[in-house]
Each structure stands twice: as C-alpha cells, then as structure tokens.
Amino acid sequence: MPSPTDAQADLIAYLDFHVEAGADAALDEHPHDRFGEADTPAPTLRTARRAAPRAVEQPASPVANTLVPPPGSAPPAAAPRTFGRAASAQPDEAASDARARARQAKSLDELERILADFDACPLRFTAKNLVFADGNPEARVMFLGEAPGADEDRIGKPFMGRSGQLLDKMMKAIGLDRTSAYIGNIVPWRPPGNRNPTPQEVAVCRPFVERQIELVDPDLIVCLGAPATQTLTGSKDGILRTRGRLFPYKLPNREVKLLATLHPAFLLRQPAQKRLAWRDFRSLRALLDGKA
C-alpha cells in the first residue's frame with residue numbers, strides 16, 4: 001500500500017484532531033435526531049459524498065423499469081429507527097432498571113457483561129468502548145474517577161492518557177501500581193466531547209459502580225475529584241474542601257473508609273496543587289500500613 005502524501009497526512013492529522021476534540025460526526029444543513037439514528041453509523045466525509053444525490057440512469061431493460069417508481073410518486077417511508085431504550089426511558093425508570101440489573105451480577109465479569117448490554121444510558125451509543133476497570137480486583141485499594149476521556153474510550157481501560165500517567169507516578173511514589181490497585185470510574189462511557197456527565201447520566205450509572213465496589217470489597221476507596229466524591233458520599237462541597245477527608249462507606253457486611261483527593265487531570269491544570277495531593281497519598285499509605 002503506497003504511503004500517504006504530505007497533503008494526505010496533513011488531512012488525516014487534521015481529522016484526527018477534530019475526533020479527539022469530540023467532533024466525531026459530520027453535520028449538514030438540516031437538523032437530525034441523532035438518538036433516532038443509532039442503527040446507522042455516524043456520517044463521515046466519505047459516506048456524505050456517497051450519499052450525495054446523483055442523476056438517475058434510465059435502465060435499458062423494460063423489466064428494470066418496474067423497479068423505478070413513476071414520476072411524482074412519494075418515496076417509500078423509511079422504517080423508524082430506535083436508540084435502544086435511551087431515547088424513551090425516563091431517568092427514574094432507567095435508574096431503577098440499572099439497580100435491578102446490577103443486583104443480578106454475582107461476579108465482576110458478569111457485571112461487565114450486564115453493563116455492556118445495558119441500553120438505557122445514551123452514553124453507550126456515543127462512546128466507542130465500555131471502560132469498565134483496570135488493575136487487580138483483589139487489591140485492598142480502589143481508585144474511582146469521573147468518566148473516561150478520549151484515550152480511555154479508544155483503549156477501553158480507565159486512566160490511559162496523560163492523567164493516567166500522572167496517576168501511575170502518584171501510586172508509584174507510595175509503592176502502588178496497577179497490580180496492587182483497582183481502578184474505575186463512576187461513569188463507564190465517555191461523554192461526547194469530553195464534557196462532564198449529567199446528573200441523570202451519573203444517576204443511571206451509579207447502581208453499577210456501587211455493585212462494582214461491593215464485588216471488589218476493598219479496604220479503602222479513593223475518590224479522584226469532586227464528581228466521584230459527591231456521588232459516593234452525598235457531599236455537596238467542592239474537592240478543595242473535601243480532599244484529605246475520610247468518609248465512611250457502607251458495604252453489605254462492613255464499613256470501610258473513603259478518601260477524597262484531587263483528580264490527576266486537575267493537577268495537570270493546577271501543578272501547584274500537587275503538594276495537597278501528595279499529603280493525601282501519604283495519608284493513603286499510612287492507612288494501608290495501619291498507621292492512621
């Protein structure tokens with residue numbers, strides 16, 4: 001296969017930039033119900049060109065003429081498209097269904113399969129991959145972030161981009177890595193354009209992450225950032241007020257501790273705050289060692 005020219009390489013890089021920024025669908029002059037078009041792949045420049053109207057060629061065979069509708073006749077109505085239940089399910093109904101399905105899971109593998117088949121959250125249809133978890137499910141500590149980004153969505157594992165590299169360094173500084181920690185998110189699908197998940201999306205996904213925590217049964221939960229902390233503790237305070245604090249978290253048979261700290265993505269934007277995160281991670285190490 002011949003190598004692309006410089007112009008083609010520039011165009012590919014230009015398109016990749018827009019995809020990473022969240023502009024992963026071509027738009028035209030008329031609005032579309034994207035939720036109603038889940039069965040159809042998002043249009044690309046190539047498919048848009050193919051969809052452009054062309055002059056109808058008159059068939060040479062009289063038999064073929066029967067396939068051409070007479071002039072002025074209405075085109076056949078398109079079959080209605082569905083977007084799973086995500087287009088019609090109410091948030092309370094979807095959350096109730098999520099709770100019922102999550103309770104059925106007897107293992108993490110079963111929970112992942114149930115979550116992959118769950119169709120009442122619209123994020124499932126705009127993301128490339130389900131981002132369930134990474135690390136060791138037998139670990140004593142479980143890290144939870146907010147939602148996957150572009151790198152995580154592409155790879156299918158949490159914390160794979162720049163924030164994941166920083167998290168790895170932070171864990172390494174206290175003697176942890178992905179073989180001695182379990183990592184997930186409160187929302188397992190990437191929101192379009194890396195936007196924040198809505199409260200409704202978090203509420204629908206919450207029963208699954210709560211069941212995930214129960215199945216992992218960690219000794220300590222570390223919430224990275226305000227969304228994860230607020231979701232699991234009910235606190236309304238910002239992360240700079242809750243970081244470093246320990247909250248009780250009830251599992252079916254016991255109560256464990258939950259530590260709030262800063263998200264690595266926040267630390268990339270605010271490097272001066274790394275000193276606060278370092279204090280939290282030292283507290284984490286002391287807790288794991290039984291010294292706090």
Side-chain angles (χ1 to χ4, degrees), residues 19-20 22-27 31-44 47 77-134 137 142 144-160 182-216 227-228 230-232:
V19 169
E20 291 297 326
D24 48 14
L27 302 180
H32 287 268
D33 180 5
R34 300 297 177 188
F35 290 120
E37 298 177 354
D39 295 335
T40 302
T44 63
T47 57
R81 301 188 182 275
T82 61
F83 191 57
R85 290 174 300 138
S88 57
Q90 296 298 316
D92 291 343
E93 175 189 346
S96 177
D97 185 30
R99 285 191 294 272
R101 289 172 181 257
R103 283 195 296 267
Q104 298 173 3
K106 304 303 181 184
S107 68
L108 289 170
D109 289 340
E110 187 177 355
L111 180 64
E112 184 174 6
R113 289 193 296 270
I114 291 173
L115 191 53
D117 291 335
F118 185 67
D119 61 355
C121 181
L123 294 179
R124 173 193 169 188
F125 299 93
T126 56
K128 292 183 176 69
N129 286 300
L130 169 69
V131 181
F132 185 69
D134 192 26
M142 181 175 184
L144 284 171
E146 180 181 8
D151 292 313
E152 292 79 8
D153 186 33
R154 185 181 69 256
I155 298 172
K157 292 184 178 181
F159 288 90
M160 289 285 109
Y182 189 74
I183 305 171
N185 285 301
I186 58 171
V187 173
W189 293 288
R190 179 201 181 202
N194 280 0
R195 65 164 172 78
N196 294 329
T198 65
Q200 292 79 11
E201 291 163 350
V202 171
V204 171
C205 295
R206 179 173 177 172
F208 293 108
V209 73
E210 289 177 339
R211 183 57 179 154
Q212 190 176 15
I213 295 171
E214 292 175 1
L215 292 170
V216 174
Q230 293 170 352
T231 298
L232 296 183

field: CA sep, side-chain torsions, deciding dist, call: V216, L108, side chain to side chain contact (heavy atoms under 4.5 Å, CB included)
entry: CA-CA 8 Å; V216 174; L108 289 170; 4.0 Å; yes
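Residues meeting the salt bridge (Lys or Arg N to Asp or Glu O under 4.0 Å) test with E210, sequence neighbours left out: R206. Annotation: side-chain contact (heavy atoms from CB on, under 4.5 Å) contacts of S96 (sequence neighbours excluded): R99. Judged as a side chain to side chain donor-acceptor pair (under 3.5 Å), and not counting sequence neighbours, the contacts of D134 are R178. Applying the salt bridge (Lys or Arg N to Asp or Glu O under 4.0 Å) rule to E214 yields the partners R211; only residues at least two apart in sequence or on another chain are considered.
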In residues 182-189, what donor-acceptor pairs under 3.5 Å come from side-chain atoms, sequence neighbours left out?
unit_1 : atom_1 : unit_2 : atom_2 : d
Y182   : OH     : Q212   : NE2    : 3.2
N185   : OD1    : E146   : N      : 3.2

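N194 contributes no side-chain N or O that, together with a main-chain N or O of G149, makes up a donor-acceptor pair within less than 3.5 Å. No donor-acceptor pair closer than 3.5 Å links the side chain of E112 to the backbone N or O of D109.
V131 and P158 make their closest contact through CG1-N, 3.3 Å (heavy atoms, listed as atom of the first residue, atom of the second, distance). Minimum heavy-atom separation, C205 to C121: SG-SG, 4.1 Å. When all heavy atoms of I155 and M160 are compared, the closest pair comes out as CD1-CB, 3.7 Å.
Within the structure, ring-ring contact (aromatic ring centres under 6.0 Å, His included) pairs that include any residue of residues 190-215 comprise F118-F208 (at least two apart or interchain).
Residues L130 and R124 are not in side-chain contact: their nearest non-hydrogen atoms beyond the backbone lie 4.5 Å or more apart. Annotation: side chain of T126 is not in contact with side chain of P191 (no heavy-atom distance under 4.5 Å). Put simply, the side chain of V204 does not reach to within 4.5 Å of the side chain of E201, judged on heavy atoms. T231 has its side chain out of reach of L144: every pair of non-hydrogen atoms, C-beta onward, lies at least 4.5 Å apart.
Here the CZ atom belonging to R154 is positioned 8.5 Å from the NZ atom belonging to K128, to the nearest 0.5 angstrom. Distance check, rounded to the nearest 0.5 Å: CD of E110 to CG of L215 gives 9.0 Å. The line from CD of Q104 to CG of L111 is 10.5 Å long, rounded to the nearest 0.5 Å.
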